[in-house]
*Asks:* 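I'd like to ask some things about the structure below.
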Amino acid sequence: MRFTLLMAWRDSRASRRRLALYSLSVVLGIAALVSIGSFSANVRQAIDQEAKGLLGADLFVTSPAPLAPPVLEYLKGLGGDISREETFSSMLAIPSQSHVRLVQVHAVEGAFPYYGKFQTEPAGGLEALRGSSPTVVLEPTLLAQYGLRTGDAVKLGRTLFTVAAALKKVPGESPGVAMMAPRAYISMGELAGTGLSGPGALARYRAMVRLPAGRDADVVVREMKDRLPQFRLSFETVGERKRSLGQAVSHLDGFLSLVGFVALILGGIGVASSLHAYIRGKIATVAILRCLGASARQSFSVYLLQGFALGIAGAVAGGALGVAVQLALPALFKGLLPVDVDFFVSWPALARGTGAGVVICLLFSLLPLLAVRRIPPLAALRSAVADRAAVAADPWRLAIAGMIAASVAGFAVWQTGQLSVGLGFAAMLGLGFLSLAGLGYLVSWAARRFIPRRLPYVVRQGFENLHRPNNRTVLLLVSLGLGTFLVLTLFLARTTLLREIEGAGTLGRPNLIFFDIQDDQIADLRTAAAEAGTPVVESAPIVTMRIASVKGRSVDDLMKDKDPKVAAWALRREYRSTFRGSLSQTEKVVEGRFTGAVAPGGGPVPISLEEGLARDMQLHLGDPVDWDVQGVVVHSRVGSIRTVEWRRLEPNFFVVFPDGVLEGAPKTYLAALHAGSADQSGRVQRAVVDRFPNVTAIDLALVVETLDGIFSKVAFAIQFMALFTVATGLIVLAGAVLMGRHQRIRETVLLRTLGATRRQLAAIQLVEYAVLGFQAAVVGSVFAVGGNLLLAHFVFHVAAAAPFGQVAAAIAIVSALSVLTGWAAGRGVVDHPPLEVLRQET
Amino acid sequence: MLRVTRLTKTYPTAAGPLTVLHEASFELGPGASMAIVGPSGSGKTTLLGLCAGLDRATAGSVELAGERIDSLDEDARARVRNASVGFVFQNFQLIPTLTALENVLVPLELRGERGCEPAGRALLERVGLAARFDHYPVQLSGGEQQRVALARAFINSPKILFCDEPTGNLDGDTSDSMVELIFGLNRERGTTLVMVTHNFELAGRCQRILRLKGGTVVSDERAA
Ligand SMILES: Nc1ncnc2c1ncn2[C@@H]1O[C@H](COP(=O)(O)OP(=O)(O)OP(=O)(O)O)[C@@H](O)[C@H]1O
Ligand SMILES: [Mg+2]
């Protein structure tokens, strides 16, 4: 032990400068790991915060009946905060104008929202509701339509309310809800006075819960489902809300996992390449020690200790650098960032980065050292490198290689949280590694066999270097190739996802909807809207209907079941269905086939059901459903089941009939428009509502804006993390190339002694590094394109982008990078007096 | 002390197996001295390395200080070397990152011995490097490095000393003093000596001369 410490210390003392160079790469690797991990955590948190603001609470518990005492007790027992809301449809009367409107009344109580803001115009609407006199906050389109102002009176049931403000943004409302009817918020305290609530009212009862720190909403939901099944509760959590936002947010999660994985491997490449080069330089010394009678254990514990110390030092310095970068970058870009990201040091990321760094240092010191164990000291001395010879079947080496593979796979699974995806990452990486290593051996072999004698001397030298003893062909191909592979995959995934998010964005999509348009008004309304400068983008007929029977059993009959399998709301509600000849952009059939048109009188009508509804109603393909279409019974069967992207805010429907059935039924229309600005929106609303007073307008601009906000934040996060990782990756790779500095130093100096000019030496190096860099870039890019395809298909479930410009640019950049760094590395050598270098190297 | 029986070494090369040492046999008692001579590439370093247990033979056996080292594993051989063998390499093989004194002390420190510095200093003084204790190998000339290597070979009072061209890089005077040192220790401590050399005068001072050519022992004679 004493010897080990003494030797490790003494040995490091004389080569501090060299050690510093090697540790630079370790530091860079670990800094990359730490800063990327920490940034990831920041971004993730920012988006989570945003998502919380969407719901306004940690958990919604919704019931079709007043929340039963056991439910409330359970919720109180959680120790968080609870607010309540009761929602139902009612008529709003405007006494001054003797108008009546259907509105959706929200009676609220408690401190909700816990996250995000309840925004009104003028501000303070929510506080006004909590005051002592009856006040109401109304949908702004209602105010616009009837020229109402704050302070005016409206009547709900028996109570006269004062209009306090117009609604701007309420956390917790899913976009679809706003499309039903204009909203009116009142205080729960006023509800009894209106006489509107009570048994028989088709109300929805909801508790909005803020959980105490450390409680997981998903766990609570599971427990409630288990314990209180009889209350037919439904739940909504932040996680679910994130999912319902569409894929953008889950894509971000997936992307950040990928970033974490890439960071680790990049860090690993940085650390491993430097340790590997360092330890290989020490192999002659190990051999001398063995000649002098040191045991294998003694001789390698010396270098293992150095590797470990390098790891610790690198971890400390790298951790500090990572944190510094993480703290400095936002300060640099302040003001440019479109997102409120709270930049904080993520301790888990720091611990993970430094821990991984030390482990990688140890493993990669062991790997070359183990090779020496089996080689006779004399052989090691003679060839200075303990290459391939006799090490193939060393169980220890295999064990270490296995450990490295296992930890990469384990880390991948941990990062992605999914076994199959994690293993997929690791397998892809392994495949890349093997292919690149294989290519490396192939290149060495080919360089030995096929170098034309006629080539100019320097070019030939450059090629020969690829196979000479002490070459770095395999090492560089692997590190550069894997680096290119990972970084480019990340970049391509970014392109894929950004394109997807842009596609999902709401730019140019409808943000203003008109309801209750009569059959004979739709044509005129189109003209009126177009004249006002905002033409109708989309319109759909709506036929209201109720369910008469399901699978031969009438609704009344089904409602009598003691243990109803089908949600009551789904049976009793009024369906606003449409009919059309084709699917819309936001729909996708998942079962059966969509039928666009039927001939009159041809048996049960094939209808298309939304997936969630089909699940709630327990309906499958071919099941018969009879509809009561305002007195007329229409027989139908489930012809297809489709998914609907509700978030797109386009007119979407639970049930779609084919053309040819409902044309004669009484129907109204809905029209969707895209208003470029609030002014424009106001203008077209006035134009339409003035002419068609029965039409209701719903302004979705704010909802759309909120969604766009989230999309742009997600897009920014992806963009930022991708660019940061690419930049870091390039630095780490440059470090890896630089590590080779000492490997060719002796050859270079000897050539210089023999009269080679600086230019000739540079040319030799240029050839060597250009060949390696180009090949690594090409192979890495091929893998990246493949990796991106797989990711798009299996992880993100989107179509992959194939931007060949980016791939070509990547190949050019990596080749240039390796040539430049190779040249920079060689410069130092050429500038030293040959004798000094030669002496050092003996 | 050293018994070599039908020792053969074959290297696999791109052009098929290359036998660089073919069935060499000899025996050497305690305190004896032997020179190995022969043209360059004839297998001298190979034979010496095999005798010292620095490499594995393809066939044949080596018995060193009473142990069959060809059947030992690498670590056991290292112990034998540490206990009984001193080796001076053709190209010095000092550890570049250690000072002269530290280089000399390595074999003792390997055993975990403490307070061995005076012995190291004494030996370095004896080879004429009193002023260079704290110098690194790069700061020493070839001859000085060779003397450090010699001091290192003697520090563990080996029973047998292997020298590969100990005077190859040295001028006449230095070379003479090296030779005196080597033979002096051979006499004083009864150290067995095996030395590879091109220098006939030097070879002549040994009790025996083994002649190698193309990997085969062509003669094994007593010196005059
Ligand atoms: N790893 C190896 N692979 C193939 N041949 C080798 C290897 N190591 C040594 N040789 C060959 O073995 C032969 C003997 O080498 P050795 O070093 O023993 O010669 P030597 O007699 O010491 O020569 P010199 O006087 O020049 O030092 C040489 O021809 C050498 O080329
Ligand atoms: Mg030799």
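Below, all heavy atoms of this structure are taken into account, side chains as well, without hydrogens, waters or symmetry copies. Naming: A, B, ... by sequence-line order, numbering from 1 per chain.
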*Asks:* Would you check if the side chain of B:Arg79 reaches a backbone N or O of A:Ser295 as a donor-acceptor pair within less than 3.5 Å?
*Replies:* no
*Asks:* Under a 4.5 Å heavy-atom cut-off, does chain B meet the side chain of A:Leu6, its backbone, both or neither?
*Replies:* side chain
*Asks:* For A:Leu292 and B:Asn82, which heavy atoms make the closest approach, and how far apart are they?
*Replies:*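 Looking at all heavy atoms of both residues, the shortest contact is O-ND2, 3.0 Å.
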*Asks:* For a quick test of reading the model, state the closest non-hydrogen atom pair linking B:Ala78 to A:Arg290 and the distance between them.
*Replies:* CB-O, 4.3 Å
*Asks:* What pairs with B:Lys159 under salt bridge (Lys or Arg N to Asp or Glu O under 4.0 Å), at least two apart in sequence or on another chain?
*Replies:* none
*Asks:* By side-chain hydrogen bond (donor to acceptor under 3.5 Å, both in side chains), which residues pair with A:Arg297, not counting sequence neighbours?
*Replies:* none
*Asks:* Counting heavy atoms not belonging to B:Arg6, are there more than 12 under 6.0 Å from its CZ?
*Replies:*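 No, the 6.0 Å shell around CZ holds no more than 12 heavy atoms from other groups.
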*Asks:* Within a radius of less than 6.0 Å around NE2 of B:His135, do more than 12 heavy atoms belonging to other residues, nucleotides or ligands occur?
*Replies:* yes
*Asks:* Examine distances only and state if a side-chain atom of A:Arg10 and a backbone atom of B:Leu98 form a donor-acceptor pair shorter than 3.5 Å.
*Replies:* no
*Asks:* Under a 4.5 Å cutoff for heavy-atom pairs, which residue among B:Asn156, B:Val106, B:Thr99, B:Ile95 has the most contacts with chain A?
*Replies:* B:Ile95
*Asks:* To the closest 0.5 Å, what do you measure between CD (B:Glu102) and CE (A:Met7)?
*Replies:*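 Nearest 0.5 Å value for the CD-CE distance: 8.5 Å.
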*Asks:* Crowded around B:Phe183 CZ? As in, over 12 foreign heavy atoms under 6.0 Å?
*Replies:* yes
*Asks:* So A:Ile288 and B:Arg152, do their side chains get closer than 4.5 Å, heavy atoms only?
*Replies:* yes
*Asks:* Tell me, side chain or backbone of B:Tyr136 under 4.5 Å from chain A's heavy atoms, or both, or neither?
*Replies:* side chain
